Protein chains: 2
Amino acid sequence: MTSFERPTLVRDGVYDHLRRAVLDGDIAPGERLGEVELGAQLGVSRTPIREALMRLTQDGLLIAEANKGVRVRTVTADEARDTYVVREELDGLAAALCAHQHSPADAQTLRGALSALQRAPSSDYREQTRLDLAFHRAITAATHNAALADLNRDLEQRVALIKHQTRTYNAHPQTDAQHAAILDAILARDADAARQAARTHVRTFAALVLQNLALPITPEKQA
Amino acid sequence: MTSFERPTLVRDGVYDHLRRAVLDGDIAPGERLGEVELGAQLGVSRTPIREALMRLTQDGLLIAEANKGVRVRTVTADEARDTYVVREELDGLAAALCAHQHSPADAQTLRGALSALQRAPSSDYREQTRLDLAFHRAITAATHNAALADLNRDLEQRVALIKHQTRTYNAHPQTDAQHAAILDAILARDADAARQAARTHVRTFAALVLQNLALPITPEKQA
DNA sequence: ATTGTGGATACTGTATACAATTTCTGTGGT
DNA sequence: ACCACAGAAATTGTATACAGTATCCACAAT
């Protein structure tokens with residue numbers, strides 16, 4: 001009976017809650033997050049709220065202005081392009097390393113993650129986004145490289161934010177085939193092919209997103 | 001007269017101070033950082049201390065255990081190796097992008113940073129480390145890629161921590177030549193050469209560091 | 001009518017007070 | 001002498017109080 005209880009720190013709960021809210025798009029981009037309001041809403045004091053907001057700010061999901069609080073970050077076309085340039089490189093590296101390093105257990109996890117993603121109903125954005133993220137994280141995890149995992153986690157979150165703001169969801173015709181190509185190369189332990197497949201996947205998606213970012217999003221409500 | 005005053009936030013001051021202290025090795029690896037003690041020492045309350053500690057924790061410089069405070073992170077050989085694997089990739093990317101993107105002003109900055117580094121007295125570890133970091137940051141900055149700058153800043157810090165813990169300082173015989181090779185390739189706008197030069201530089205240094213990490217550092221004091 | 005100024009309001013930034021968990025210490029038992 | 005347990009001290013986690021700054025609105029002057 002060694003430590004079953006969850007030491008649920010309040011700030012961690014707040015962090016998870018807000019992170020999910022931002023990533024799911026429940027809070028609009030640019031929207032302001034007041035500390036007292038959030039505190040009242042969640043039933044906790046300002047202290048854990050502040051700490052969660054700071055973490056999210058460093059994650060790049062929020063923007064803080066001095067004495068003016070934090071807002072959900074709005075991503076410019078330039079920032080999105082920059083992000084995908086880096087993501088292409090790191091995702092390629094992850095796939096290559098994964099091809100070399102993955103264990104039998106990793107292989108099983110990877111297969112499971114992909115098939116779960118493929119079975120997801122194409123209508124459910126949220127679930128699809130989550131499973132897509134899970135698949136990519138499984139690849140990262142199978143590299144057994146903590147530094148890469150950390151950085152990729154950051155990038156994943158920023159990409160998720162971009163996807164929401166551009167309303168670009170995971171379904172494009174080649175997605176399934178590209179995911180399969182990545183997994184096949186990994187399982188075949190062909191590092192170069194895996195890297196190329198991952199890079200191609202990122203590039204394809206980046207093109208879609210940037211296309212959506214070019215034409216300004218319709219401002220749907222003006223309060 | 002637009003905004004000359006510095007809005008020096010206390011927590012930012014604390015953050016910079018502690019970050020410098022950890023990166024300069026003024027605080028020993030594994031050493032515990034008490035909130036009240038730091039507060040008394042710096043003459044501020046626990047609140048900004050806590051916020052600075054949290055940021056440093058997310059930067060990867062400190063390790064936090066629930067209800068037990070934070071300690072300066074000690075890096076294992078595996079973690080160091082992982083870090084350098086990623087750094088090689090991202091530094092290579094930065095050099096390649098820099099070769100493409102740099103402006104005349106960037107070129108001037110780069111030249112200045114390198115010559116300053118070369119002129120630094122080889123006896124002054126701290127100054128040399130700072131100038132080395134400045135040179136690499138100049139390259140990153142010249143890519144004009146904010147996402148890459150963010151990630152590389154994280155990696156730089158972790159590498160600086162590793163250097164201190166292994167007592168591996170910047171002077172190895174090939175350093176000067178390698179730095180020059182990187183800059184030359186960049187200025188010649190030869191992206192592939194720049195990438196290769198940067199990767200080689202990282203690999204050379206990583207080998208040195210890992211060699212030092214293999215043999216355990218002498219535990220100098222046992223309190 | 002418009003613009004500038006003053007005050008009121010609301011919020012962030014910092015400090016402090018309280019609660020809960022951990023660690024240390026001392027005592028008692030074996 | 002060593003281990004176990006209980007209490008005390010210290011430290012983190014959370015809540016609240018106070019201070020400083022920015023925003024908003026009304027009102028007056030041009």
Side-chain angles (χ1 to χ4, degrees), chain A residues 1-19 21-22 27-28 30-74 222-223, chain B residues 1-19 21-22 27-28 30-73 221-223:
Chain A
M1 298 275 183
T2 60
S3 76
F4 263 96
E5 84 283 356
R6 261 196 288 176
T8 335
L9 252 16
V10 176
R11 65 166 168 236
D12 290 338
V14 174
Y15 174 79
D16 289 340
H17 175 83
L18 292 178
R19 178 169 159 278
V22 171
I27 308 176
E31 187 171 332
R32 194 169 155 291
L33 298 178
E35 297 174 2
V36 291
E37 181 189 345
L38 289 174
Q41 195 172 323
L42 298 178
V44 299
S45 82
R46 280 178 55 210
T47 306
I49 299 279
R50 284 179 64 79
E51 298 183 348
L53 291 180
M54 285 196 56
R55 285 177 66 186
L56 291 167
T57 300
Q58 252 199 306
D59 284 346
L61 298 184
L62 305 178
I63 289 287
E65 288 172 289
N67 291 328
K68 297 209 307 191
V70 301
R71 319 179 78 85
V72 177
R73 178 169 182 172
T74 57
Q222 210 80 13
Chain B
M1 298 282 181
T2 61
S3 77
F4 264 96
E5 84 285 352
R6 261 196 288 176
T8 335
L9 251 18
V10 176
R11 67 167 166 234
D12 291 338
V14 174
Y15 174 79
D16 289 340
H17 175 82
L18 291 178
R19 178 169 159 278
V22 172
I27 308 176
E31 187 171 331
R32 195 170 153 289
L33 297 179
E35 296 174 3
V36 291
E37 181 189 346
L38 289 174
Q41 195 172 325
L42 299 177
V44 299
S45 83
R46 279 177 57 211
T47 307
I49 298 279
R50 284 179 65 79
E51 298 183 349
L53 292 180
M54 286 195 55
R55 285 177 64 187
L56 291 167
T57 300
Q58 249 198 306
D59 284 347
L61 298 183
L62 304 178
I63 289 288
E65 288 171 290
N67 290 329
K68 297 210 305 194
V70 301
R71 319 180 75 86
V72 177
R73 178 169 182 174
K221 54 183 174 184
Q222 210 80 11

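The basis for the numbers below is simple: all heavy atoms, side chains too, and nothing from hydrogens, waters or symmetry mates. Since this is a predicted model, take the numbers as computed values, not measurements. Chain naming here is simple, since letters A, B, ... match the order of the sequence lines and numbering starts at 1 in each.
A search for side chain to side chain contact (heavy atoms under 4.5 Å, CB included) contacts involving A:Ala21 returns A:Asp26, A:Ile27, not counting sequence neighbours. Not counting sequence neighbours, the partners of B:Arg55 by the side-chain hydrogen bond (donor to acceptor under 3.5 Å, both in side chains) test are B:Asp12. The side chain to side chain contact (heavy atoms under 4.5 Å, CB included) check on A:Ala64 picks up A:Thr57, A:Val70, with sequence neighbours excluded. For the side chain to side chain contact (heavy atoms under 4.5 Å, CB included) test, residues two or more places apart in sequence or in another chain that qualify with A:Gln41 are A:Glu37, A:Leu38. Every residue meeting the side-chain hydrogen bond (donor to acceptor under 3.5 Å, both in side chains) condition with B:Arg46, not counting sequence neighbours, appears here in chain and number order: B:Glu35. A search for side chain to side chain contact (heavy atoms under 4.5 Å, CB included) contacts involving B:Ile63 returns B:Arg73, not counting sequence neighbours. Residues forming a side-chain hydrogen bond (donor to acceptor under 3.5 Å, both in side chains) with B:Arg11 (at least two apart in sequence, or on another chain): B:Glu51. For B:Gln58, the side-chain hydrogen bond (donor to acceptor under 3.5 Å, both in side chains) test picks out A:Asp59, with sequence neighbours left out.
Of the residues in residues 35-59 of chain A, A:Val44, A:Ser45, A:Arg46, A:Thr47, A:Pro48 come within less than 4.0 Å of DNA chain D through at least one heavy atom, sorted by number.
For D:dT21, neither phosphate oxygen OP1 nor OP2 lies less than 4.0 angstrom from any side-chain nitrogen or oxygen of A:Lys68.
Nearest heavy-atom pair across B:Ala66 and A:Leu9 is CB-CD2, 4.4 Å.
Extent of DNA chain C lying under 4.0 Å from chain B heavy atoms, first and last nucleotide in 5' to 3' order, is C:dG13 to C:dT23.
Terminal axes of the helix from C:dA1-D:dT30 to C:dT30-D:dA1 (five pairs each, C1' rotation axis) are separated by 10°, to the nearest 10°.
Counting to the nearest Å, the C1' atom of D:dA22 and the CG atom of B:Leu9 are 14 Å from each other.
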